[in-house]
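Here's the structure we're looking at; comments come further down.
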Amino acid sequence: MEEREPSQTTGGTTPLLDGALIEAFLNHIPSLAIQGYREDGTIFYWNRASERIYGYSVSEAIGGNLLHLIIPPPMREEARASLQHAAQTGEARPAGELTLFNKEGCPVHVYSNHMVIKAVTGETRFYCLDVDLTESKDLEHRLRTINHTLLEFRESPQKNIQKLTELMGTLLHADCVLYNRAQRDLLCTVAAWHPPADLLMEDSAEGHLCREVIARGGQTPLVVRDLPNTSFAQSDPNIHKYKLKTYVGHPVISNHRTIGSLCALFLQDIEPTSKDLEVLSLLAAAIGMEEERGSLRDHLLRTQKQEAIGRLAGGVAHDVNNILTALSGFTEFIEMDAGDDPILAPHLRGIQTCIQRISLLANQLLTFSQRRELQMSMLDLNQVVRDAKPMMEHTLGDLFGIALSLDPEPCYTNGDTEHLEQVLLSLALNAKEAMREPGAIEVGTLATPRTIEELEGLVEAPATPKTTTYVTLFVRDTGVGMSQETRDKIFEPFFSTKEFGQSTGLGLPTVYGIVRQHRGLIGINSLPDQGTTFFIYLPTNQPTTFEGPRRGMGSAETLPGTKPTVLLVEDDPSILIILQKSLEQAGFPVHTAPNAEKALELLQQKTIPLQFLITDIVMPGMNGKELADTLRTHIPGLPVLFMTGYIPEKVEACGLNLEHDHILYKPFMPRQVIEKINQVLKQPVSRG
């Protein structure tokens with residue numbers, strides 16, 4: 001190609017660019033480095049992009065040798081030969097990627113285009129046009145590194161978040177990297193890379209740069225330079241404490257909500273490149289996904305743990321209830337024989353009191369396992385709190401009071417009054433234990449409906465559809481409060497902050513179980529030394545007419561006249577003996593069998609005027625429901641009373657209808673069986 005001097009026109013019609021204008025263009029393309037050199041490599045042209053990319057000023061480069069300035073030593077002989085070949089043939093070196101080096105000896109990645117131009121003087125000149133690939137190569141390397149890290153992820157989201165945080169520090173060459181999660185009024189450092197030794201893992205969020213990032217939300221990073229001279233220097237004590245100069249933070253989003261900030265801190269004034277911010281955005285998004293996965297995983301593990309321990313608790317409660325039924329029966333017989341004996345009577349009453357306490361614990365196990373049957377009805381939380389206040393005050397003692405803060409409007413929901421009273425009592429006891437000095441515990445309601453969107457971040461994932469709204473029940477104390485570590489474990493079964501042996505660790509897990517049975521949610525607001533508030537959110541249920549809560553089945557009088565002949569089937573020998581004796585003392589003709597098969601054999605061998613069946617539900621072989629169905633094919637309308645120490649779900653699994661079949665749950669007193677028989681005889685027979 002022949003080089004011509006610049007002129008104003010070609011052929012008298014097409015204007016050419018002025019030489020000065022061409023020079024301006026060549027010097028204002030930041031990514032295009034242009035060098036002009038002769039056959040021996042001597043440089044005669046060096047634009048501004050060449051200065052930026054290779055680090056040599058124009059005065060340093062002009063007159064220097066290209067081969068020694070930017071060509072790595074292993075490439076120099078090959079480059080020299082290429083120049084000689086181009087001078088002889090006029091064929092430029094093919095374009096392609098090259099790795100050269102700059103003034104500091106650091107590698108520079110370029111896409112290099114070469115030209116050979118014959119000047120009007122006859123001299124052959126060489127030009128090289130280098131497109132800077134350093135940033136794109138660096139980004140490519142970063143992306144490969146990120147991808148490699150993602151492929152090495154393990155099951156633990158927390159460990160993966162730590163890896164991503166460390167990776168950000170490496171890729172951005174930061175002095176420190178923190179991932180801070182917003183947890184109510186605190187910023188909690190969840191993961192860190194090169195943190196200061198005295199860095200607080202939990203700190204007040206007010207005034208911190210990370211709080212600013214979280215408040216802004218969205219996908220926009222926040223870059224703040226010259227930190228000591230910004231408004232944040234007065235509100236964020238870490239700026240002066242650690243002599244920070246530059247902050248680069250990006251929001252972390254999980255479940256469509258900004259939950260934290262991933263930030264890089266620098267001790268120098270740094271201006272991050274667009275590629276730096278792209279990397280930051282990718283890592284923040286990856287952390288958000290791990291947070292979401294971790295939340296789902298924790299919820300699943302907690303649910304599985306609750307179910308596993310619940311099954312165990314339900315089984316233990318069944319065995320305990322059988323033993324208590326027998327123990328209660330034998331004690332009642334001794335009381336009847338002892339009469340008003342002044343020595344035995346108080347001891348027997350003490351035994352019955354202990355039986356009642358153990359029975360309460362067994363029922364607590366059933367409630368915790370979320371298996372105890374609920375008696376649901378429309379109710380107003382305001383009335384529930386009013387009714388529960390005397391019980392709470394009596395239980396708390398004279399030094400602690402209950403201060404009501406009830407919404408003027410009704411707080412309608414569908415619930416079980418007794419279970420919700422148990423929730424209030426458990427939370428009140430928990431509040432009492434947390435308070436250093438006697439005082440009032442606030443119990444209140446809020447009728448304003450809250451949506452699940454408003455509650456996101458304050459509670460766990462809902463068990464109800466997102467269209468549900470909630471009314472609020474809360475219990476607030478001024479006690480010692482809780483750390484984040486304690487809050488994370490507070491609903492775990494058998495976890496307690498008390499000394500070993502002072503607590504079962506089932507109080508708050510039982511509360512959790514009751515609330516979930518009500519398809520509700522729980523939130524906690526607590527800080528060390530600043531008290532605790534438990535928020536119970538229950539689905540709103542606006543009634544057309546309001547009915548009071550069901551308060552139990554009541555009792556019935558013994559029927560006069562001839563008593564029906566009873567077939568009693570029970571696989572526990574102690575309970576069988578007790579019930580047989582109780583029925584006989586009440587005047588009922590009784591026949592007994594230890595299981596369903598023996599009962600059928602007995603009926604085949606003897607002519608028994610069977611008029612009433614009392615049977616345990618879960619027995620080896622044929623269960624009580626199957627026995628009842630078999631007998632009713634021969635004796636239509638046979639009244640049946642079922643007994644069980646098992647959970648309602650197990651009862652339903654045996655084919656019974658909890659609403660229509662007559663079921664007596666263990667433990668019970670022998671006289672309760674007589675009352676229940678009379679009650680069954682007064683009602684229509686279940687045909688199910």
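Remember, it's a predicted structure, so these values are computed and weren't measured experimentally. The chain is numbered in sequence order, starting from 1.
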Subject >> Qualifying residues under side-chain contact (heavy atoms from CB on, under 4.5 Å), relative to Asn623, sequence neighbours excluded >> reply: Lys625, Glu626, Cys654
Subject >> Heavy-atom closest pair, residues Ala628 and Phe642 >> reply: CB-CZ, 3.9 Å
**OP:** Check the pair Gln422 / Ile514 against side chain to side chain contact (heavy atoms under 4.5 Å, CB included), numbers first and verdict last.
**Re:** CA-CA 9 Å; Gln422 185 176 350; Ile514 292 173; 4.0 Å; yes
Subject >> side-chain contact (heavy atoms from CB on, under 4.5 Å) partners of Asn382, counting only residues at least two apart >> reply: Asp380, Arg386, Leu406, Cys411, Thr445
Subject >> From Val640, Thr615, Asp616, residue fulfilling side chain to side chain contact (heavy atoms under 4.5 Å, CB included) relative to Leu627 >> reply: Thr615
Original post:
Residues in side chain to side chain donor-acceptor pair (under 3.5 Å) with Thr532, at least two apart?
Top reply: Ser526
**OP:** Any chance you could measure Leu568, atom CG, to Ser582, atom OG, to the nearest 0.5 Å?
**Re:** 10.0 Å
Subject >> Residues which pass side chain to side chain donor-acceptor pair (under 3.5 Å) with Arg181, listed by chain and number, not counting sequence neighbours >> reply: Glu291
Original post:
Considering only heavy atoms from C-beta outward, does the side chain of Gln158 approach that of Val190 to under 4.5 Å?
Top reply: yes
Original post:
Any side-chain heavy atom of Met643 within less than 4.5 Å of one from Leu579?
Top reply: yes
Original post:
Which heavy-atom pair separates Ile490 from Met482 by the least distance, and what is that distance?
Top reply: CD1-SD, 3.7 Å
Subject >> Reported CG-to-CE distance for the pair Asp572 and Met619, which is rounded to 0.5 angstrom >> reply: 12.5 Å
**OP:** Taking side chain to side chain donor-acceptor pair (under 3.5 Å) as the test, write out the residues that go with Ser483, two or more places apart.
**Re:** Thr486
Original post:
Say you draw a straight line from CG of Asn541 to OH of Tyr412; how long is it, rounded to the nearest 0.5 Å?
Top reply: 11.0 Å
**OP:** Check the pair Leu610, Ile635 against side chain to side chain contact (heavy atoms under 4.5 Å, CB included), reporting the backbone distance first and the verdict last.
**Re:** CA-CA 8 Å; Leu610 180 58; Ile635 312 173; 3.8 Å; yes
Original post:
What's the spacing between Lys676 NZ and Leu681 CG if we round to 0.5 Å?
Top reply: 12.0 Å
Subject >> Within-4.5 Å side-chain heavy-atom neighbours: Leu656 and Ile617 >> reply: yes
**OP:** Carefully, step by step, assess Leu420 and Leu381 under the rule side chain to side chain contact (heavy atoms under 4.5 Å, CB included).
**Re:** CA-CA 9 Å; Leu420 292 178; Leu381 288 180; 4.1 Å; yes
**OP:** Please examine the side chains of Ile674 and Leu583, heavy atoms only from C-beta on, and report whether any two atoms are closer than 4.5 Å.
**Re:** yes
**OP:** Return the set of residues passing side chain to side chain donor-acceptor pair (under 3.5 Å) with Thr533 (not counting sequence neighbours), or none when no residue passes.
**Re:** Arg476
Subject >> Phe535 vs Ile524 side-chain heavy atoms within contact, under 4.5 Å >> reply: no
Original post:
What closest approach, in Å, do Pro639 and Gln611 show between heavy atoms, and which atom pair accounts for it?
Top reply: CD-O, 3.2 Å
Subject >> side chain to side chain contact (heavy atoms under 4.5 Å, CB included) between Asp416 and His518, worked out >> reply: CA-CA 8 Å; Asp416 182 302; His518 282 75; 3.9 Å; yes
Original post:
Listed by chain and number, what are the side-chain contact (heavy atoms from CB on, under 4.5 Å) partners of Leu396, not counting sequence neighbours?
Top reply: Phe400, Ile402, Ala428, Leu429, Lys432, Ile441
Original post:
Would a distance-only check, ignoring hydrogens and angles, find a side-chain to backbone donor-acceptor pair under 3.5 Å from Thr413 to Thr540?
Top reply: no
Original post:
Just wondering, do Val384 and Leu424 contact through their side chains at under 4.5 Å, heavy atoms?
Top reply: yes
**OP:** Give, for atom OG1 of Thr630 and atom CG of Leu613, the distance between the pair rounded to the nearest 0.5 Å.
**Re:** 10.5 Å
Original post:
If you take all heavy atoms of Asp571 and Pro620, which pair is closest and at what distance?
Top reply: OD2-CD, 3.5 Å
Original post:
Aromatic rings Tyr537 and Tyr470: how do their planes relate, parallel, tilted or perpendicular, breaks at 30° and 60°?
Top reply: perpendicular
Original post:
Just by modelled atom types, is the Leu404 backbone N or O under 3.5 Å from a matching donor or acceptor in the Lys389 side chain?
Top reply: no
Original post:
If you look at every heavy atom in Gln580 and Val590, which pair is closest and at what distance?
Top reply: CG-CG1, 4.2 Å
**OP:** Could you pull out all residues at least two apart from Glu409 that satisfy side-chain contact (heavy atoms from CB on, under 4.5 Å)?
**Re:** Asp407, Ala447
Original post:
Nearest 0.5 Å, what's the CG-CE distance between Leu399 and Met435?
Top reply: 10.5 Å
Original post:
Which atoms form the tightest heavy-atom contact between Met378 and Asn414, and what is the distance?
Top reply: N-OD1, 3.4 Å
Subject >> Side chain proximity check, Phe612 to Leu567, heavy atoms < 4.5 angstrom >> reply: no
Original post:
Is any side-chain heavy atom of Asp387 less than 4.5 Å from a side-chain heavy atom of Thr417?
Top reply: no
**OP:** Check for a donor-acceptor pair, side chain of His419 on one end and backbone N or O of Gly415 on the other, with a separation under 3.5 Å.
**Re:** no
**OP:** Taking Ser426 for its side chain and Val423 for its backbone only, find out whether a donor-acceptor pair lies under 3.5 Å.
**Re:** no
